Amino acid sequence: MLLERVKDSRRVPASHPLAGKKVWVPRMSAGASSAIAAILRSLGLDAEAIPESDSETPELGGRHTSGEECYPLRLTVGDFLKILRKPGTDPNTVAFFMATGQGPCRFGQYVPYMRTLLPKLGYEGVTILAPSCEEGYSDFGEASTLYVRGAWRAIVSTDILSKLLLKTRPYESAPGSADQLYEESLAEVCRTLEISYRTNAEQMEAVRECLLEVRDRFRALKIQFDARRPLIGVVGEIFCRLNTFSNSELVRRLEEFGAEVWLNDISEWIWYVNDDQFRRMQLQGKSFSLEALGAHLRNHFQRKDEHALVSLFKEDFLGYEEPEDIREILAFAEPYLPPLGANGEMVVNVGKTVYFAKKGADGVIDISPFTCMNGIVGEAIYPRVSRENSGIPIRNFYFDGTQSDLERDIGIFLELARSYNRNKPYSRQLPRSYRDTRLARAAAAQSSG
Ligand code: SF4
């Protein structure tokens with residue numbers, strides 16, 4: 001009944017605070033932001049991902065921050081102001097969508113900061129939309145359930161697209177073909193997600209069909225796999241790791257220098273936040289509360305949806321499997337940052353670094369904004385992680401918008417990765433289509449010689 005109403009109206013009621021406004025979704029990751037905007041459109045909202053940042057973004061953001069905030073906040077402020085300063089923009093018709101959190105870092109301050117800054121600059125009418133699970137996503141009114149389920153499917157689908165792109169692009173036969181296919185696939189996923197389906201099952205069926213088509217198109221793309229490319233795992237602060245402007249296109253540059261990248265995805269962070277909620281409830285003696293029941297149900301449906309989508313790619317992701325459960329990652333982190341005593345992305349980053357080593361990666365890079373405590377804590381621990389994991393090279397790359405000799409640093413790091421590759425104890429599972437090719441035999445001869 002509820003779903004029918006949302007489908008039929010396709011517009012939020014006039015009394016809703018978002019009625020008549022355009023919702024802009026920050027571009028943390030281009031794929032996920034576009035897909036979340038599509039889900040918002042499916043609820044009847046006018047929504048779009050914020051366009052890619054450019055040199056004006058940090059410049060504008062820098063004018064309205066003190067320099068002590070995190071780099072992602074500076075970029076977000078800059079991107080928001082660019083939208084508001086566009087000629088003809090009425091601030092009363094603008095809403096910004098922002099994720100929020102209660103963790104130990106400055107991220108939880110972004111929303112209060114924006115809510116203070118924008119009125120100070122004369123943009124009183126702007127709405128900051130910060131749906132949180134603590135408030136039951138009440139910002140979306142009766143469409144909250146649709147939003148939660150759809151947003152999760154959007155995240156899982158775009159994680160899959162990103163993984164397909166990164167395992168394909170370094171080996172493409174025609175330059176630019178993987179990027180082009182990725183863009184077309186993302187557009188197709190967004191077109192699928194923006195439809196208002198009558199039921200959740202219908203939405204799932206449509207997304208699966210769309211992803212099957214995407215999968216077959218990626219399988220058909222001409223590539224030439226080469227096992228001599230070092231495989232580099234990339235962990236780090238979620239915004240800087242995924243936002244290509246903020247990290248100066250580090251992933252693409254690693255590929256240009258001859259590497260393949262395995263990037264930590266967004267869903268892993270959601271699993272960590274869910275698991276953390278259970279740990280907190282346990283500490284507060286709420287393990288058998290209504291809140292706990294709700295969290296278990298959400299986990300159940302998220303797991304089910306993730307399995308339904310990721311299982312379509314079982315063959316494609318051989319050798320790139322993500323852990324079945326986030327607790328696998330937390331167990332790897334336990335000797336360094338016990339999850340009951342430490343909190344935040346640093347725990348996931350350290351645990352995932354060990355996981356990457358065991359999956360046969362040749363090195364791990366941690367991307368963080370300058371002064372981010374997650375990066376700083378990780379950097380202090382990585383030498384021990386490396387020592388205890390057969391010497392795998394691990395390096396932090398910090399970003400704050402200033403120039404550094406990135407290419408020199410990448411070159412040095414990849415030399416270390418190549419030399420580790422020759423003696424590493426964990427072998428990497430290679431794609432099935434490659435194993436009997438001439439290149440495979442040449443690579444095997446080279447490593448045995
Ligand atoms: S993770 Fe780091 S960069 Fe991100 S909000 Fe927290 S302190 Fe800032």
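Whatever order the structure lists ligands and atoms in, that order sets their numbers, starting from 1. Just so we're clear, the structure is a prediction, and the values are computed from it rather than from any experiment.
Geometrically, Lys163 engages Phe317 in a cation-pi contact, judged by NZ or CZ lying under 6.0 Å from the ring centre and within 45° of the ring axis. A cation-pi contact, defined as under 6.0 Å to the ring centre and within 45° of the axis, is absent between Arg395 and Tyr382. Judged by a 6.0 Å distance limit and a 45° cone about the ring axis, Arg149 is not positioned over the six-membered ring of Tyr147. Taking the ring axis of Trp152 as reference, the NZ or CZ atom of Arg298 does not stay both within 45° of it and closer than 6.0 Å to the ring centre.
Using a 4.0 Å cut-off between heavy atoms, Tyr71 makes no contact with ligand 1 at all. Contact annotation: for Cys372 versus ligand 1, heavy atoms closer than 4.0 Å belong to both the backbone and the side chain.
Heavy-atom separations between Phe239 and ligand 1 are all 4.0 Å or longer.
The aromatic rings of Phe80 and Phe96 sit parallel, their planes meeting at an angle under 30°, below the 60° perpendicular limit. Between Tyr355 and Phe332, the two ring planes are tilted [angle within 30° to 60°].
Taking atom 1 (S) of ligand 1 as the reference point, the nearest protein heavy-atom neighbour is Asn374 ND2, 3.2 Å. Summary of contacts: the protein heavy atom closest to atom 4 (Fe) of ligand 1 is Glu237 OE2, 2.7 Å. Summary of contacts: the protein heavy atom closest to atom 3 (S) of ligand 1 is Pro369 CG, 3.4 Å. Given atom 6 (Fe) of ligand 1, the protein heavy atom at minimum distance is Cys105 SG, 2.5 Å.
Which parts of ligand 1 touch Glu345 is read off a 4.0 Å heavy-atom cut-off, strictly below it: atoms 1 (S).
Taking OG from Ser162 and CG from Leu242, the interatomic distance works out to 7.5 Å, rounded to the nearest 0.5 Å.
Taking 2.8 Å as the threshold, Cys70 counts as a candidate ligand of atom 8 (Fe) of ligand 1, since one of its N, O or S atoms lies below it.
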